[in-house]
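For reference, the structure is listed below as structure tokens.
Counting convention: from 1, in listed order, for ligands and their atoms alike. Worth saying up front: this structure is predicted, and the values here are computed from it rather than measured.
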Amino acid sequence: MHLGVISLFPEMYRAVADYGVTGRAVSQGRLVLNFWNPRDFAQDKHRTVDDRPYGGGPGMVMKVEPLQAAINAAKQQLGSDTKVIYLSPQGQVLDQQSLVTMSQRQSMIVIAGRYEGIDERLIASQIDEEWSIGDYVLSGGELASMVLIDGVTRLLPGVLGDEESAQQDSFMNGLLDHPHYTRPEQLDNQAVPSVLLGGDHEAIRKWRLKQSLGRTWLRRPDLLAMKTLSDEQTALLEEFIAEHGQ
Ligand SMILES: CN1CCN(C(=O)c2nonc2N)CC1
């Protein structure tokens, strides 16, 4: 996937370009990151990218022209039909399914805003999708866009090896993940559940599914309400609830 990033702080993206799963995807050429800094497109000698808000109030607003010029440059490289994404608290909240949809695109342009946000006229004329990573306010869109980049990159073909992609499944079914354990087997007075030590893969699969269902029931009943459970899932959840003393 070719991702064009429009940001005043491109150096922040070293966090995804140089490390971990996303860094490996970049080095393997499965993810290509290109950056455009609106400041490089500002026409005045002070390279102004923001200005005071009409109507008064605190903070500054990002100006249309430098952003528009940066989008034009990005589209020249990635294609004029490339979707333009803007990260803001006013967007639709990102979830795994939306990441799956995005991961199937050849390219995307992501705008990371700063200050109070960007001029609404740029949003109206240039932004195809507005996304939020949650109902809270950050200092800028860079970290939010890196969350999106990480989540999408994990879904690109070949990025997660077979070992890791199994872990991915547990989130892909709309449930919370099951507990994970590793060595040592005994830690103070806490042991690893014996089922995980026995090598019975079917028993382990059922235990993990039961734990995912139970955790989702306890912590995120809203997710469970959106799911149609299979007979097996229903039975396992009923077992968990019975054991949980409800
Ligand atoms: C202008 N700037 C304000 C702060 N911001 C966010 O809080 C945010 N982005 O995506 N999800 C979020 N929550 C990004 C955009």
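Listed by number with element, the atoms of ligand 1 under 4.0 angstrom from any heavy atom of Gly141 are 14 (C). The Val137 neighbourhood of ligand 1 comprises atoms 7 (O), with distances under 4.0 Å to a heavy atom of that residue. Applying the 4.0 Å criterion to heavy atoms of Gly134 picks out, from ligand 1, the atoms 13 (N). Less than 4.0 angstrom separates some heavy atom of Gly117 from each of these atoms of ligand 1: 1 (C). If you number the atoms of ligand 1 from 1 as listed, the ones under 4.0 Å from a heavy atom of Gly140 come out as 14 (C). When each atom of ligand 1 is checked for a heavy atom of Tyr86 under 4.0 Å away, the hits are 1 (C). Remark: ligand 1 atoms within the under-4.0 Å shell around heavy atoms of Ile133 are 10 (O), 11 (N).
Both Leu148 and Phe9 belong to a single network of hydrophobic side chains, linked directly or stepwise wherever heavy atoms of I, L, V, M, F, W or Y lie under 4.5 Å apart.
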Distance-only criterion, 3.5 Å: show the donor-acceptor pairs between side-chain atoms of residues 127-144 and protein atoms not counting sequence neighbours.
from: Asp128; atom 1: OD2; to: Val84; atom 2: N; distance (Å): 2.7
from: Glu129; atom 1: OE1; to: Arg105; atom 2: NH1; distance (Å): 3.3
from: Glu129; atom 1: OE1; to: Arg105; atom 2: NH2; distance (Å): 3.4
from: Glu129; atom 1: OE1; to: Trp131; atom 2: NE1; distance (Å): 2.8
from: Glu129; atom 1: OE2; to: Arg105; atom 2: NH2; distance (Å): 2.4
from: Glu130; atom 1: OE2; to: Ser88; atom 2: OG; distance (Å): 2.6
from: Ser132; atom 1: OG; to: Gly134; atom 2: N; distance (Å): 2.9
from: Ser132; atom 1: OG; to: Gly134; atom 2: O; distance (Å): 2.9
from: Tyr136; atom 1: OH; to: Ile133; atom 2: O; distance (Å): 3.0
from: Glu142; atom 1: OE1; to: Arg114; atom 2: NE; distance (Å): 2.8
from: Glu142; atom 1: OE1; to: Arg114; atom 2: NH2; distance (Å): 2.9
from: Glu142; atom 1: OE2; to: Ser7; atom 2: OG; distance (Å): 2.7

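Between Glu232 and Arg205, at least one side-chain nitrogen of the basic residue sits less than 4.0 Å from a carboxylate oxygen of the acidic one, meeting the salt-bridge criterion. In summary, Asp40 and Arg47 engage in a salt bridge, as defined by a charged side-chain N under 4.0 Å from a carboxylate O.
Only the side chain of Ala144 comes within contact range of ligand 1, with a heavy atom under 4.0 Å; no backbone atom does.
Taking the six-membered ring where tryptophan is involved, the planes of His244 and Trp217 are perpendicular, since the angle between them exceeds 60° and thus also 30°.
Looking at Glu116 next to ligand 1, no N or O pair under 3.5 Å apart turns up.
Atom CD of Gln186 has more than 12 neighbouring heavy atoms from other residues, nucleotides or ligands inside a 6.0 Å radius.
Distance from atom 4 (C) of ligand 1 to its nearest protein heavy atom, with residue and atom name: Leu138 O, 3.1 Å. With respect to atom 15 (C) of ligand 1, the closest heavy atom belonging to the protein is Leu87 O, 3.3 Å. Scanning the protein heavy atoms around atom 5 (N) of ligand 1, the nearest turns out to be Pro89 CD, 3.8 Å. Looking from atom 2 (N) of ligand 1 to the surrounding protein, the closest heavy atom is Gly113 O, 4.0 Å. For atom 13 (N) of ligand 1, the nearest non-hydrogen atom of the protein is Tyr136 O, 2.8 Å.
Here the side chain of Asn37 pairs a donor or acceptor atom with the backbone of Arg39 at under 3.5 angstrom.
Here the closest heavy-atom approach between residue Met1 and residue Met102 is recorded as CE-O, 3.1 Å. Considering all non-hydrogen atoms of both residues, Pro179 and Gln211 come closest at CD-CB, 3.5 Å.
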